[in-house]
Number of protein chains: 2
Amino acid sequence: MDQIFKALANKSRREVMDQLFARDGLTLNELCENASFSRQGVSKHLQILEDADLVVTHWSGREKHHYLNPMPVHEISERWLKKYARRQMTAVSALKKNLEK
Amino acid sequence: MDQIFKALANKSRREVMDQLFARDGLTLNELCENASFSRQGVSKHLQILEDADLVVTHWSGREKHHYLNPMPVHEISERWLKKYARRQMTAVSALKKNLEK
DNA sequence: ATAATAGGCAACTAAAAGGTTGCATGTCAA
DNA sequence: TTGACATGCAACCTTTTAGTTGCCTATTAT
């Protein structure tokens with residue numbers, strides 16, 4: 001869980017994910033074309049995304065293809081975010097109540 | 001957006017949020033009681049959560065009360081996570097398709 | 001008025017993150 | 001079989017992060 005949050009906490013990595021969202025299955029080199037930093041930089045980010053299971057890979061010869069894995073995102077959404085987002089009404093009203101004092 | 005992701009990317013901060021989830025409106029000192037580090041540590045985390053607008057505060061005399069703000073969490077869920085979680089079916093099937101080659 | 005209490009600010013440190021360069025390895029194409 | 005191409009690995013550097021300690025300020029209670 002912590003790993004997923006950490007992986008998502010970086011803009012460059014989210015941009016990589018955006019690229020994969022636009023076109024899934026890109027190789028490292030393809031991803032580098034639109035990146036603002038070196039291949040090794042991209043590679044490191046991909047590794048972190050892979051470790052967090054946000055990205056799944058598949059080798060085809062000497063090419064490594066990258067695919068988004070929506071499962072962990074879904075899990076964070078279900079197990080964590082919903083908990084806090086749900087409280088929307090009660091929390092805001094509690095705050096208001098308190099401010100009125 | 002980046003600020004929110006970064007704020008959420010730390011376990012200690014998520015624990016602080018958990019505490020506020022359990023009981024909203026806690027003061028800094030009250031939050032310290034269950035924390036594993038110094039008051040200044042907690043204070044810094046609260047500041048980061050506040051900067052990300054994940055926590056809203058309210059002074060009452062010399063006491064600062066802290067409240068969860070579910071809005072940014074909700075926004076991340078709506079604007080970002082849904083985008084990726086939605087792709088669940090298509091992505092998994094695409095991966096399978098590719099693996100079969 | 002004074003002491004205790006709640007919190008803030010600033011400087012410092014250690015560790016982690018984000019990025020780089022250089023070199024090694026495995027696969028494909030001529 | 002040799003050269004080019006796709007990627008990996010490791011060392012290094014710089015900035016950020018997470019946490020500390022020490023001291024200052026404001027509010028409350030006696």
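By convention in this document, chain letters (A, B, ...) are assigned in the order of the sequence lines, proteins followed by strands, and residues within each chain are numbered from 1.
In this structure, B:Gln3 places its CD atom 14 Å from P of D:dT16, rounding to the nearest Å. Distance, A:Phe5 CZ to C:dA17 P: 16 Å, rounded to whole Å. A straight line from CD of A:Glu63 to P of D:dA4 spans 18 Å, rounded to a whole angstrom. Note: CG (B:Leu31) to C1' (C:dG7) measures 13 Å, nearest angstrom. Atom-to-atom, NZ of B:Lys11 to P of C:dA15 comes out at 19 Å; the value is rounded to the nearest Å. When rounded to the nearest whole Å, the span between NE2 of A:His58 and C1' of D:dT7 equals 16 Å. Remark: P of D:dC9 and CG of A:Leu46 are 13 Å apart, rounded to the nearest angstrom.
The closest donor-acceptor contact from the side chain of B:Glu30 to the backbone of B:Thr27 lies under 3.5 Å.
Side-chain N/O atoms of A:Asn10 include none lying less than 4.0 angstrom from OP1 or OP2 on C:dA17. Here A:His45 reaches the OP1 or OP2 of C:dG19: one of its side-chain N or O atoms lies under 4.0 Å away. Between C:dT5 and B:Asn29, no contact under 4.0 Å exists linking OP1 or OP2 to a side-chain N or O. Residue B:His65 places no side-chain N or O under 4.0 Å from the OP1 or OP2 atom of C:dA6. Checking the phosphate oxygens (OP1, OP2) of C:dT20, a side-chain nitrogen or oxygen of A:Ser38 falls inside 4.0 Å. For C:dG19, one of the phosphate oxygens OP1 or OP2 lies less than 4.0 angstrom from a side-chain nitrogen or oxygen of A:Ser12.
When the side-chain contact (heavy atoms from CB on, under 4.5 Å) test is applied to A:Asn34, the partners found at least two apart in sequence or on another chain are A:Gln19. Listed by chain and residue number, nothing satisfies the salt bridge (Lys or Arg N to Asp or Glu O under 4.0 Å) test with B:Arg23 (two or more places apart in sequence, or in another chain). Under the side-chain hydrogen bond (donor to acceptor under 3.5 Å, both in side chains) criterion, B:Lys82 pairs with B:Glu78, sequence neighbours left out.
Ion pairing between A:Asp18 and B:Lys83 holds under the 4.0 Å rule for side-chain N and carboxylate O.
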Check nucleotides 8-11 of chain C against the protein and report each pair of N or O atoms closer than 3.5 Å, with its distance, or say if there are none.
residue	atom	partner	partner atom	Å
C:dG8	OP1	B:Lys64	NZ	2.8
C:dG8	OP2	B:Ser43	OG	3.4
C:dG8	N7	B:Arg39	NH1	3.2
C:dG8	O6	B:Arg39	NH2	2.9
C:dG8	O6	B:Gln40	NE2	3.3

Are there any protein N/O atoms within less than 3.5 Å of an N/O atom in nucleotides 27-29 of chain D, and if so, which ones and at what distance?
residue	atom	partner	partner atom	Å
D:dT27	O2	B:Arg62	NH1	2.8

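Among the heavy atoms of the strands lying under 4.0 Å from B:Lys6 are primed sugar atoms or P, OP1, OP2 only; no base atom is included.
Nearest-nucleotide mapping onto DNA chain C: of A:Val42 and B:Thr27, the residue sitting toward the 5' end is B:Thr27.
One finds the CZ atom of A:Arg14 at 4.5 Å from the CG atom of B:Asp2 (value rounded to the nearest 0.5 Å). In this structure, CD in A:Glu75 is found 10.0 Å from CG in A:Asn69, a value given to the nearest 0.5 Å.
When only modelled atom types and interatomic distance are considered, A:Asn29 and A:Glu33 share no side-chain donor-acceptor pair under 3.5 Å.
Considering every non-hydrogen atom in both A:Ala7 and A:Ala52, the closest pair reads CB-CB, 3.8 Å.
Residue pairs meeting the ring-ring contact (aromatic ring centres under 6.0 Å, His included) criterion with at least one member in residues 14-34 of chain B, sequence neighbours excluded: A:Tyr84-B:Phe21.
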